[in-house]
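Have a look at the structure below before the remarks.
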Amino acid sequence: MEDYIYYGELYDLYQQLLTDKQRAYFEDYYFQNLSLGEMAENYQVSRNAIFKQLHIVTDKLKEYEEKLQLLEKRKQLEEISQSIDNLDIKKKLEELI
């Protein structure tokens with residue numbers, strides 16, 4: 001379950017860096033909860049092809065995060081926001097997050 005949340009957060013940040021097909025596969029598997037068999041039937045490819053593509057997508061998402069660290073920076077900003085007492089600054093910071 002933690003993987004689903006983690007990959008969902010990465011997907012929110014980096015989805016525009018993926019191809020249309022990669023986004024469709026990811027969304028069907030992680031958001032629509034389709035099985036590999038259902039996806040293989042829908043896309044008229046093998047289950048193994050779907051499995052490989054999902055593995056490629058998750059590897060890319062992790063690679064993007066390793067290089068850009070947008071998720072890590074977002075979490076750090078959220079922590080800082082929680083510790084700020086000035087409501088104006090806190091509001092502006094939360095808008096950026």
>> Please determine whether side-chain contact (heavy atoms from CB on, under 4.5 Å) holds for the pair Leu34 and Tyr29, giving the CA-CA distance in whole Å, both sets of side-chain angles, and the decisive distance to 0.1 Å.
In response: CA-CA 5 Å; Leu34 295 181; Tyr29 186 75; over 6 Å; no
> Between Glu63 and Lys67, is the closest basic N to carboxylate O distance under 4.0 Å?
Replying inline: yes
> Closest approach of Glu9 and Lys75, non-hydrogen atoms and distance?
Replying inline: OE1-NZ, 3.9 Å
> Strictly under 6.0 Å, is that where the ring centroids of Tyr30 and Tyr11 end up?
Replying inline: no
>> Assess the residue pair Leu70 and Tyr64 against the criterion (side-chain contact (heavy atoms from CB on, under 4.5 Å)); give the C-alpha distance rounded to whole Å, side-chain angles, the decisive distance to 0.1 Å, and a yes or no.
In response: CA-CA 9 Å; Leu70 295 179; Tyr64 295 146; over 6 Å; no
> Hey, quick one: are Leu10 and Leu77 part of the same hydrophobic cluster, counting side-chain heavy atoms closer than 4.5 Å, chains of contacts allowed?
Replying inline: no
> So how far is it from Leu36 CG to Lys52 NZ, rounded to the nearest 0.5 Å?
Replying inline: 13.0 Å
> Is there a path from Ile56 to Tyr6 through hydrophobic residues (I, L, V, M, F, W, Y) whose side chains come within less than 4.5 Å of each other?
Replying inline: no
> Would one find more than 12 heavy atoms of other residues, nucleotides or ligands at under 6.0 Å from atom CD of Gln69?
Replying inline: yes
> Between CZ of Arg23 and CG of Leu17, what distance do you get to the nearest 0.5 Å?
Replying inline: 9.5 Å
>> Using every non-hydrogen atom in the two residues, find where Ala40 and Ser46 come nearest and quote the distance to one decimal.
In response: CB-C, 3.8 Å
>> Are more than 12 heavy atoms, taken from residues, nucleotides or ligands other than Tyr43, located less than 6.0 Å from that residue's OH atom?
In response: yes
>> Could you go through Leu18 and Leu61, starting from their C-alpha distance and side-chain angles, then the distance that decides it, and tell me whether this counts as side-chain contact (heavy atoms from CB on, under 4.5 Å)?
In response: CA-CA 9 Å; Leu18 302 172; Leu61 291 173; 4.2 Å; yes
> Any idea which heavy atoms bring Gln22 and Lys60 closest together, and the distance?
Replying inline: NE2-NZ, 3.6 Å
> Is there a chain of hydrophobic side chains (I, L, V, M, F, W, Y, each step under 4.5 Å between heavy atoms) that links Leu71 to Ile80?
Replying inline: no
> side-chain contact (heavy atoms from CB on, under 4.5 Å) between Gln32 and Glu27: does it pass, once the steps are laid out?
Replying inline: CA-CA 6 Å; Gln32 302 302 321; Glu27 290 175 9; 5.5 Å; no
> Which pair of non-hydrogen atoms, one from Gly37 and one from Arg47, has the smallest distance, and what is that distance?
Replying inline: N-NE, 3.6 Å
>> I'd like to check Asp28 versus Glu38 (side-chain heavy atoms, cut-off strictly below 4.5 Å). Are they in contact?
In response: no
